[in-house]
Amino acid sequence: MLYVVVDGFFGDTGKGKMISYLALKDDIDIAVRGGVGPNAGHTVVYEGRTYKLRQIPSAFVNQKTLLLIGAGVLVNPEVFLKEVEETKTRGRIFMDYQTGIIEKKHIEEDRTNAYLKGKIGTTGSGSGPAMRDRVMRILRLAKDYPSLKEYLKDVAYEVNKGLDEGKKVLLEGTQGTFLSLYHGTYPYVTSKDVTAASICADVGVGPKRVDEVILVFKAYVTRVGGGPLENEYSPEEVEKLGLVEIATVTGRRRRVAPFNFNYAKRAVMLNSPTQIAVTKIDVLFKEDYGKKEWKKLSREARKFIEKIEDELSVPVTLIGTGPEVNQIIDRRKDYGLL
Ligand code: IMP
Ligand code: MG
C-alpha cells in the first residue's frame, strides 16, 4: 500500500502533522522523505513536545516505522545528525547512497547571492546552489561521506521490496505545488518540481504503484518569500484575523490570503489526489479547536468543507482541528477508504 502526501498550496500547510497522525493511526511500516531538502520545515507536536523537522520524516513518532530519505533529496549532514539525535531515530533512519549533500559553500552562496536572497527570497539553506551543482554533475553524494556511512541504504530497493511484501509505505512531499520549479509561480519557486509525480521519482517508485495521493490544503493560504499571492491580506488584516504565522526555517512572517479555489483546482489537476486533507480549521473557526468528530463541527466549518468537496470533487477525509498529532477528524471510514 503506497500513500503519497503532498501540499496543494505554497508549503506550510501542515503536512508534518497529517503525516505523523497517519504514521501512528495506520501503523506505517516505511516512511520516506522526498522533495527538496532542508529548506523545508515540518512541524510535529507530539506528547507535549514540538519538533521542527527539516530532514527526518515526520512519521518518526511511530517507533516501529523505518525512516528513509530518497536519492532525489538534499541533505545537510549537520542538520540531519542533529535531528537524528533530537528524535532518537539512530538505527532506523537511512538515506540513499545517491542523496545529494549540501556543503557550506552552497549555504554561503544562497545567503549572499543578490538574486536568490533579494529577489526570490530563498530560505538560505543552500538548496538551490546544491541542485545547480547536481545538474552540473559535480555535487558530492552521501556515499562520499564517512560520517554518513552508517546511514546509507538503497532506498529505492527498500521501498519497492517493502511494497512487494505488502507493507504500508508513505512518501512525504515537501514545499508545495505552487513552489514547483515547473508548475509554480516561476521564478518565485524552489529548485525542483514538488508535485506528487516528482516525489515518487525522488524516491524511485513508479506511478503504477501509488494507491492514495493525499493533497494537503490549509484553511487559508500562506507563502514566504517573493512572488504573487492572489487576494493577499495586508499585515494589519492578517493580525486582525488572527492569522499571523512565523516560518519554521527562516523565522520570517508568512504572507497570508484566504482559501483559494483557483489554486486548489489547479493543484488537484497537477497531483491527482484520491483524498484531500484540510488543516487548521480551528484557526478559522475557533470553536472547533480540538474536535474529533465531523458531526460536532460547527455548521460554518462543515459548510466550508462541503464547498471544498463540491468544487474539487475529491473527498475531504482528514480535517485538522489543532496542532497536536491527534487533534484531527478522520472521515476515511465514512468514505469507505479505511
Ligand atoms: P529555496 O527553496 O530555499 O530556494 O526558496 C525558494 C522559495 O521557496 C522561497 O520563496 C522560499 O520561501 C520558498 N520555500 C522553500 N521551501 C519552503 C517550505 O518548505 N515552505 C514554504 N516555503 C518554502
Ligand atoms: Mg514548513
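This one's a predicted model, so the numbers in the text were calculated from it and none came from an experiment.
Side-chain heavy-atom separations under 4.5 angstrom define the hydrophobic clusters, and Y289 shares its cluster with no other residue. Hydrophobic cluster membership for L270: M269 (Ile, Leu, Val, Met, Phe, Trp, Tyr linked by side-chain heavy atoms under 4.5 Å, directly or transitively). Its side chain within the 4.5 Å cluster rule, I107 clusters with V36, L74, I102, M131, L139, V194 among the Ile, Leu, Val, Met, Phe, Trp and Tyr residues. If you chain together ILVMFWY residues whose side-chain heavy atoms come under 4.5 Å of each other, V79 ends up in a group of its own.
Salt bridge annotation for K168-D26: absent, with no cationic side-chain nitrogen under 4.0 angstrom from a carboxylate oxygen. By the 4.0 Å N-to-carboxylate-O rule, E158 lies too far from K167 to be salt-bridged with it. The pair K303-D310 does not count as a salt bridge, with every side-chain nitrogen at least 4.0 angstrom from each carboxylate oxygen.
Applying the side chain to side chain donor-acceptor pair (under 3.5 Å) test to every pair with at least one member in residues 42-52, sequence neighbours left out, gives these pairs: H42-E172.
E311 is linked by a side-chain hydrogen bond (donor to acceptor under 3.5 Å, both in side chains) to K265, K307, counting only residues two or more places apart in sequence or in another chain. By the side chain to side chain contact (heavy atoms under 4.5 Å, CB included) test, T185 is found to be paired with F10, Y188, V189, R223, P228, residues two or more places apart in sequence or in another chain being considered. The salt bridge (Lys or Arg N to Asp or Glu O under 4.0 Å) check on E237 picks up nothing, with sequence neighbours excluded. Residues passing the salt bridge (Lys or Arg N to Asp or Glu O under 4.0 Å) test with E86: none are found, sequence neighbours excluded. Residues meeting the side-chain hydrogen bond (donor to acceptor under 3.5 Å, both in side chains) test with R266, sequence neighbours left out: none. Residues passing the side-chain hydrogen bond (donor to acceptor under 3.5 Å, both in side chains) test with T222, sequence neighbours excluded: K218. For T190, the side-chain hydrogen bond (donor to acceptor under 3.5 Å, both in side chains) test picks out N39, with sequence neighbours left out.
Atom OH of Y182 has 12 or fewer neighbouring heavy atoms from other residues, nucleotides or ligands inside a 6.0 Å radius. For Y335, the OH atom is densely surrounded, since the number of other residues' heavy atoms within 6.0 Å is greater than 12.
Each of F259, F217, Y220 was checked for a ring pair (Phe, Tyr, Trp, His ring centres under 6.0 Å) with F304, and the lone residue meeting it is F259.
The hydrophobic cluster containing L163 also contains V4, counting ILVMFWY residues as joined when their side-chain heavy atoms lie under 4.5 angstrom apart, directly or transitively.
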